[in-house]
Chemist: 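First the structure, which I've put down as structure tokens, then a few questions once you've had a look.
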Amino acid sequence: MKKLLALILVLVLAASVVACGGNGGGTAGTDGSAPAGELKGEVTVWCWDPNFNIPAMTEAARIYNAINPDAVINIVETPWDQVQDALTAAATTGVLDNIPDIFLMQDMAFQRNVMTFPELFIDLTNTGIDFGQFAAGKRGFSTVDGKNFGVPFDNGATIYAVRTDVLEQAGYTVADVTDVTWSQFISVGKDVLAQTGMPMLSTTAGGGDFIMVMLQSAGVDLFNADGSPNIAGNPVLISAIETYLELVDTGVLLEVNGWDEYIDSFVNDNVVGTISGCWILGSVQENAHAGAWAVTNIPRLEVAGGTNFSSWGGSSWAVTNVGNSALAVDFLKHTFAGSVELYETILPSTGAIGTWAPAAASSVYAEPHPFFGGQAVFADIVGFAGKIPQINVGVYFYTANDNISIAVSNIINNGADITTELQAAQEATEFAIME
């Protein structure tokens, strides 16, 4: 998630408010069932990034006011860490005055917050929102005990963005790195490296997020059903780490020291491409070789249940149990869970790719993208999202992820044993759970 936060272009500490709509008063019930025209009052929304999330929410407010002019949607720019701090403070003090009606939450933190502070969230399962229209892998991040607590927003589908001209220089095409195993990818990568001197991809050192992508692609959790860590002796995790080590050892994967160096690696022609969440495409387009890029799926682990699809980053909208929740639910139901127009409008201006299936059929998503050689990349990415295995991240995902990153660093830099390091990561995570 640190990498996702680093992607956010501007995180302003201000609380500037954008008001959309007319005047009105009163509140309705909390089941979101009343027609839009009967719901009046104000809804406050917290989200971050004036170049991505805020324009998307502003457009949603415009669309909703067309059917419910009596609603006022107040959009307050709020960095993610402040959102998390406010939730924690409200739950621990019982003072809810400073909590909004709707806020954006990072997907990997969603289950943790709902399970830790259940009294703050509205169960959206029976509000009339058709959650079956959202990709299961994305929807799962905001699902707890079979109940839906979030409306999915931006697509975190993992992609491989690759330079087609470099592949062709080595005698390969995008087809040679599509729907392949990691072994096949490494075989192509070694040949491309030998012929061009360019690694196939890069990532920041330690590879924690990279390994989590591999793990989710096989539908494997870091925690068992009872909440205990599933780290030591986890065969799929071991396979992912071994694959990562081979990528590094062969030079097919270049480890770099930070986010800026990572971006520079594919912008400045040091690597053939990048594997990341699809939100990386904005940075990819800083590369000078427009028209010589393509987007495809990622390699799969050679394990039972292995797929070529996974997720990296992304966020979803939550409704709190503190204000005008009926209006808040209705607003989301008619916009992020009900408006093709919304997704069509925000796609060109923000690059925000949703996981809502009806949007994938839009002609806007199907338009060829000149930077990617005329490929309809947005439609393809929505298709990838629909095939991502669903996992449960639980309360202690970040803790486990950090401990695994430490283990991988020790293995790579100090020659430590995988079994020993994963046992240490297991014990460290168990200790954190017991505290």
Side-chain angles (χ1 to χ4, degrees), residues 18-22 24 32-40 42-47 49-75 77 101-104 124 127-135 138-139 142 148 150-157 278-279 281-282 314-319 326-369 376-386:
V18 180
C20 304
S33 58
E38 297 179 13
L39 295 170
K40 301 179 181 181
E42 298 187 9
V43 167
T44 297
V45 181
W46 284 3
C47 56
D49 196 342
N51 297 307
F52 192 84
N53 301 313
I54 290 175
M57 181 52 75
T58 302
E59 180 61 20
R62 183 194 68 80
I63 288 173
Y64 186 67
N65 282 144
I67 61 173
N68 186 2
D70 290 324
V72 177
I73 312 299
N74 299 313
I75 305 167
E77 184 179 342
D101 302 276
I102 299 171
F103 65 88
L104 191 64
L124 303 174
T127 58
I129 294 173
D130 185 357
F131 288 96
Q133 292 186 321
F134 291 95
K138 174 73 171 182
R139 186 178 69 239
S142 55
N148 301 107
V151 174
F153 175 38
D154 59 318
N155 194 322
C278 59
W279 37 261
L281 292 184
S315 54
S316 300
W317 301 104
V319 179
L327 180 59
V329 169
D330 194 73
F331 166 65
L332 292 175
K333 180 167 61 176
H334 285 89
T335 53
F336 292 96
S339 174
V340 172
E341 178 190 357
L342 171 62
Y343 289 99
E344 288 181 333
T345 305
I346 65 177
L347 184 64
S349 59
T350 69
I353 309 169
T355 61
W356 189 56
S362 165
S363 60
V364 174
Y365 274 69
E367 289 180 2
H369 198 303
V377 291
F378 300 131
D380 288 345
I381 290 169
V382 172
F384 295 166

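Computed from heavy atoms alone, side chains included, the values below leave out hydrogens, waters and symmetry copies.
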Chemist: Short question: side chain of Asn148, backbone of Arg139 - any donor-acceptor pair under 3.5 Å?
Modeler: no
Chemist: At what distance, to the nearest 0.5 angstrom, does SG of Cys278 lie from CG of Asp380?
Modeler: 11.5 Å
Chemist: Under the rule for ring-ring contact (aromatic ring centres under 6.0 Å, His included), what residues qualify as partners of Trp317, not counting sequence neighbours?
Modeler: Phe153, Phe336
Chemist: Output all residues satisfying ring-ring contact (aromatic ring centres under 6.0 Å, His included) with Phe103, sequence neighbours left out; order by chain, then residue number.
Modeler: Phe121
Chemist: Using distance only, find each side-chain donor-acceptor pair of residues 355-363 under 3.5 Å and give its atom names and separation, not counting sequence neighbours.
Modeler:
residue, atom, partner, partner atom, Å
Trp356, NE1, Gln133, OE1, 3.1
Ser362, OG, Glu344, OE2, 2.5
Ser362, OG, Val364, N, 3.1

Chemist: Quick check: do Pro55 and Ile346 have side-chain heavy atoms less than 4.5 Å from each other?
Modeler: no
Chemist: Any donor-acceptor pair under 3.5 Å linking the side chain of Asp49 with the backbone of Ile54?
Modeler: no
Chemist: Minimum heavy-atom separation for Lys40 to Leu327, with atom names?
Modeler: O-CD2, 3.9 Å
Chemist: Do Lys333 and Thr127 pass the side chain to side chain contact (heavy atoms under 4.5 Å, CB included) test, and can you show the C-alpha distance, the side-chain angles, and the key distance before you say yes or no?
Modeler: CA-CA 8 Å; Lys333 180 167 61 176; Thr127 58; 5.6 Å; no
Chemist: What is the minimum heavy-atom distance between Leu39 and Ala326, and which atoms define it?
Modeler: CD1-O, 3.8 Å
Chemist: Please report the shortest heavy-atom distance between Val382 and Gly354, naming the atom on each side.
Modeler: CG2-O, 3.6 Å
Chemist: First locate atom CE of Met57, then atom CG of Leu104, and finally report the distance between them rounded to the nearest 0.5 Å.
Modeler: 7.5 Å
Chemist: Shortest non-hydrogen contact from Leu124 to Gly150?
Modeler: CD1-N, 3.9 Å
Chemist: Could you check whether any side-chain heavy atom of Leu281 comes within less than 4.5 Å of a side-chain heavy atom of Ile381, counting everything from C-beta outward?
Modeler: yes
Chemist: Which atom pair, heavy atoms only, marks the closest approach of Ala376 to Tyr365?
Modeler: CB-O, 4.2 Å
Chemist: Would you check if the side chain of Lys138 reaches a backbone N or O of Asp154 as a donor-acceptor pair within less than 3.5 Å?
Modeler: yes
Chemist: For Phe331, which residues count as a ring-ring contact (aromatic ring centres under 6.0 Å, His included) partner, sequence neighbours excluded?
Modeler: Tyr64
Chemist: Restricting to pairs with a member in residues 345-364, which pass salt bridge (charged side-chain N to carboxylate O under 4.0 Å, His left out), not counting sequence neighbours?
Modeler: none
Chemist: Supply the atom-to-atom distance Ile73 CD1 to Ile102 CD1, rounded to the nearest 0.5 angstrom.
Modeler: 6.5 Å
Chemist: Under the side-chain contact (heavy atoms from CB on, under 4.5 Å) test, which residues partner Ser339, sequence neighbours left out?
Modeler: Ile63, Glu341, Leu342
Chemist: Which atom pair, heavy atoms only, marks the closest approach of Phe134 to Val151?
Modeler: CZ-CG1, 4.0 Å
